[in-house]
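A, B, ... follow the sequence lines: proteins, then strands. Residue 1 opens every chain.
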2 protein chains.
Amino acid sequence: MWNTGAAAEQASDGYTTIFREATRLFGERGYTGTSMRDIAKAVGMLPGSLYAHIASKESLLFAIIEGGVDRFNHALDDVRATSDDPRVLLREAIKAHVRVVAENPGRTLIVFHQWRYLGDENRARLLDKRARYEHFFTETLRAGVSAGVFDAGLDARMVVFGLLGALNWTPEWFSPDGPATAGEIGEKLADALLNGPLIRADPTGG
Amino acid sequence: MWNTGAAAEQASDGYTTIFREATRLFGERGYTGTSMRDIAKAVGMLPGSLYAHIASKESLLFAIIEGGVDRFNHALDDVRATSDDPRVLLREAIKAHVRVVAENPGRTLIVFHQWRYLGDENRARLLDKRARYEHFFTETLRAGVSAGVFDAGLDARMVVFGLLGALNWTPEWFSPDGPATAGEIGEKLADALLNGPLIRADPTGG
DNA sequence: CCTACCGATCGGTAGG
DNA sequence: CCTACCGATCGGTAGG
């Protein structure tokens, strides 16, 4: 009877296993498309037994989303420490975002889309955390415009919506099996987003 | 008994009403989060009566998504006729995209996210139509790089992913109640996306 | 488009 | 974490 159970499950306890399988299933089938029986089957329990570990289906969704948003916000805390230059901050924020997405694209899709299924209170808490994340981009852009390194002629709201939209769409196409690392993708995506494809008229005529 | 029924329903027949209410409900609660009973209640029928007008829940989802994708592709057909300049084509495509989103942001969210719930055959048909849409952006970018009007130093895949991500995220924030029209938003978004916020070093020193 | 219904499944709980 | 179960709801159909 030695070395069975916990070891075979990679030392995951009941809650951890439930959390992991629920994340996978919510990502694949959606929250409303996943039943507690699906989760129970995936973790090898009977449906009623799940409730020895969790309070409700919604509490599970909330834990998944909140944990995901927290990773994004913590990544920004590291970014803030890297520089005072808004150009560097924005580039590092893009790279950090891609890194967090790359950790678990499926979880990120849940974070971005399935907060709609939370009850009023949980949804409000989540949207507050997401607003904090988005605020960094708005403020960094504003600082860069003031410093004269970002284009003051652009609509700031559209720049931020465009940037965040591009970033929030990354889990739709990022593949952990692709040849490029998250770091390489982050660099190239930052180049593309910060510069835009358009070549300006060159005042030297060259 | 005059002037009741059809007139009060704005001349919508059964199928049209079902289609409209299903679009609204799938947008608000998701496909798997909406029951046929929800739809029946919204249109004022009993659940079983829906099947006099539709074949199945999935056929309804497919009709909504296919109709939505077709609007995007038809809008691009108009764009193709406007110019040969890749810069103009890309700008007009961005504006067209925003216009289609603005028509019905809820339907667009279904188009972008709920194709996952289609069966294999319907999903493949949809993804093919979406690929055709995305191909326009890839090709227009390539043409612009060849013509020397788009930056050849950027990773083309990242430019297209960034652009399409920003566009596909628009239904998340676009509000028909906002002060700006779809046309104004499209212009400003195109400026932001095509130029990027970063100011290049000016060779004239100005 | 209604009446009446099918078998299957839902989130969750009492008591151990 | 299992046994045994609750009332509610699911997509869909036969026959009119």
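In the region residues 45-59 of chain B, proximity to DNA chain D at under 4.0 angstrom, judged on heavy atoms, holds for B:Gly48, B:Tyr51, B:Ser56, B:Lys57. The stretch residues 22-33 of chain B has no heavy atom under 4.0 Å from DNA chain C, so no residue of it qualifies as close. Contacts between residues 34-42 of chain A and DNA chain C, counted as heavy-atom distances below 4.0 Å, involve A:Thr34, A:Ser35, A:Met36, A:Arg37.
B:Asp155 and B:Arg157 are not joined by a salt bridge, as no carboxylate oxygen comes within less than 4.0 angstrom of a charged side-chain nitrogen. Between A:Glu184 and A:Lys188 there is no salt bridge, since none of the side-chain N atoms of the basic residue sits less than 4.0 Å from a carboxylate O of the acidic one.
Residues that satisfy the side chain to side chain donor-acceptor pair (under 3.5 Å) test with B:Ser35, not counting sequence neighbours, are B:Asp38. For B:Arg125, the side chain to side chain donor-acceptor pair (under 3.5 Å) test picks out B:Glu66, with sequence neighbours left out. In terms of the ring pair (Phe, Tyr, Trp, His ring centres under 6.0 Å) criterion, A:Phe174 has no residue partners (sequence neighbours excluded). With sequence neighbours left out, the side chain to side chain donor-acceptor pair (under 3.5 Å) criterion links B:Asn122 to B:Glu58. Take A:Glu187 and apply the side chain to side chain donor-acceptor pair (under 3.5 Å) test, not counting sequence neighbours, and it matches A:Arg91, A:Lys95.
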Cut-off 3.5 Å, no hydrogens considered: what does the side-chain donor-acceptor table look like for residues 41-56 of chain A, sequence neighbours left out?
residue	atom	partner	partner atom	Å
A:Ser49	OG	A:Leu46	O	3.4
A:Ser56	OG	A:Ser59	N	3.1

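Legend: salt bridge (Lys or Arg N to Asp or Glu O under 4.0 Å) pairs involving residues 107-117 of chain B, not counting sequence neighbours, sorted by first then second residue: A:Glu172-B:Arg116, B:Glu103-B:Arg107.
Between B:Leu167 and B:Phe137, the closest side-chain pair of non-hydrogen atoms falls below 4.5 Å. Residues B:Phe72 and B:Val101 have side chains in contact (heavy-atom distance under 4.5 Å, counting atoms from C-beta outward).
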**Q.** Full working for side-chain contact (heavy atoms from CB on, under 4.5 Å) between A:Arg130 and A:Asn168
**A.** CA-CA 12 Å; A:Arg130 283 192 53 169; A:Asn168 290 346; 4.0 Å; yes

Q.
Wobble G-U and Watson-Crick pairs count when both distances are under 3.5 Å; given that, what is the 5' to 3' dot-bracket string of DNA chain D, with | for pairing to other strands?
A. ||||||||||||||||

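Once you apply a 4.0 Å limit to the heavy atoms of chain A, the touched nucleotides of DNA chain C run 5' to 3' over C:dC10 to C:dT13.
Looking only at distances, no side-chain donor or acceptor of B:Glu92 sits under 3.5 Å from a matching main-chain atom of B:Val79.
Note on ring orientation: taking the six-membered ring where Trp is involved, the planes of B:Trp169 and A:Phe112 are perpendicular (angle over 60°, cut-offs 30° and 60°). Ring-plane geometry between A:Tyr31 and A:Phe26 is classed as perpendicular, the angle between the planes exceeding 60 degrees on a 0 to 90 degree scale with a lower cut at 30.
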